[in-house]
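All figures in this text were calculated on a predicted structure; none of them were measured in a lab.
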Amino acid sequence: MGRRSNGSVVFASETCALDLIEASYVREVYPGEIVVVDETGVQSYSLVFHPEPKQCIFEHIYFSLPNSVVFGKSVYESRRLFGEILATENPVDCDVVIAVPDSGVVAALGYAAKAGVPFQQGLIRSHYVGRTFIEPSQKIRDFGVKLKLSPVRAVLEGKRVVVVDDSIVRGTTSSKIVRLLKEAGAKEVHMRIACPPIIGSCYYGVDTPSPDELISNRMSVDEIKEFIGCDSLAFLPMDSLKKLLGDDSSNFCYACFTGNYPVEPNELKVKKKVVDAGLNGSVQANPNQKEVKIVGV
C-alpha cells in the first residue's frame, strides 16, 4: 500500500511500481487482510489470523525487481548478500565473474566484490525472447537460450569464469549456457547458484515443473555438475540463507527446497506426456501416454 502526495491511496504488487507514480510506501497488506478505501478513509479487516505467515522466498531470489522492497527487505540487498555468501563459502580461483542476466546480476556483483575479482558482462541478453523454462518443448527451450543469450568472447576467452545464476530448474538451460561459454573460449566455467537446490514443485500458483522434471530432485550436486558440464558447481546453503534472514526466517516458505509444505497440497494432478514437434512451436499430446499423480493424499 502506498500514498500519493495528493492523499490518494494506491496498491501494487511491488514497491517499484509506487516509484513510477511518485507514491510513498506505507506498508504491506497482510495475509488474510482486506483493506477498504472509501470517502471515510482507510479501514482494515482481518478475515483470518496468521500467527505464522509463510512468504515466498522466491520473491527475493527471482520474481521481484531488485529496486523493490518486499516483506520489509530490500531485494537488491538480499541478492547481493546471496552472492557474498557464495563467494565466502564456495570460493574458487577465477579471473572474471559474470552473471546470467538479468536475475543473476546482483548476486554476481556481490560475489565479485567479496572475491575481489572483476565483474564483467560475459553474456548479453536479448529482451525480445520470453522465459525459456516454461516452453513445452525441449528443442524450443534450447533454441530460445541461443536467441536470448549471446557470449562476449573478449571477456571469456582464455579465462577462468565464475557464472552466477539465480536458480537451476531442469538444468538444460544451464548446460546450454556452459557450452556457450566454453565455445566462446572460456578455459574453466564454475557455476554458482544463488539459492538452494529446488527439489519440490510449487502448488501455490507458481508455474514450476513436476518434481520428476526438477534436476535437483533426481541428481546430486556432483551429478548435476557432470550433466551441465561445468568445472565446479555450488548452491547457496540452506542454513546460510536462514541465517541471513535472521528472526524473519520462520516467516518464509521453503517448500521448493525442502519438500515441507506449510499447506499440504491435496489435489489430483493429471499431466499429459507431450511429443516434441521440433522448432515450429507445435506440441501434440500423445493420447496413449498419460501420467496420473495423486499429490499429498
Do NZ/NE/NH1/NH2 and the carboxylate oxygens of Glu77 and Lys73 come within less than 4.0 Å?
-> no
Do any pairs count as a ring-ring contact (aromatic ring centres under 6.0 Å, His included) and have a residue in residues 64-115, sequence neighbours left out, and if so which ones?
-> Phe71-Phe252
Considering residues at least two apart in sequence or located in another chain, which fulfil the side chain to side chain donor-acceptor pair (under 3.5 Å) criterion with Lys54?
-> none
Distance from Ile198 atom CD1 to Thr208 atom OG1, nearest 0.5 Å?
-> 8.0 Å
Check the pair Val152 / Leu123 against side chain to side chain contact (heavy atoms under 4.5 Å, CB included), numbers first and verdict last.
-> CA-CA 6 Å; Val152 181; Leu123 288 168; over 6 Å; no
NZ/NE/NH1/NH2 to OD/OE distance under 4.0 Å, Arg27 and Glu33 | yes
Evaluation steps, salt bridge (Lys or Arg N to Asp or Glu O under 4.0 Å), between Lys187 and Asp231 | CA-CA 10 Å; Lys187 184 166 64 174; Asp231 294 277; over 6 Å; no
Between Ser64 and Glu59: side-chain donor-acceptor atoms closer than 3.5 Å = yes
Arg3 and Val10: side chain to side chain contact (heavy atoms under 4.5 Å, CB included), yes or no, with the steps?
-> CA-CA 6 Å; Arg3 191 180 294 272; Val10 295; over 6 Å; no
Using only heavy-atom distances, determine whether the side chains of Thr40 and Asp38 contain a donor-acceptor pair under 3.5 Å.
-> yes
Is it true that the side chains of Ser232 and Arg192 contain a donor and an acceptor less than 3.5 Å apart?
-> yes
Residue pair Glu52 / Ser250, side-chain donor-acceptor N/O under 3.5 Å = no
Of Asp247, Asn251, Leu245, which is the lone residue that meets side chain to side chain contact (heavy atoms under 4.5 Å, CB included) with Ser249?
-> Leu245
Side chains of Glu22 and Ser5: is there a donor and an acceptor less than 3.5 Å apart?
-> no
How are the rings of Phe63 and Phe58 set to each other: parallel, tilted or perpendicular (split at 30° and 60°)?
-> tilted
Side-chain ion pair, Asp102 and Arg125, N-O less than 4.0 Å | yes
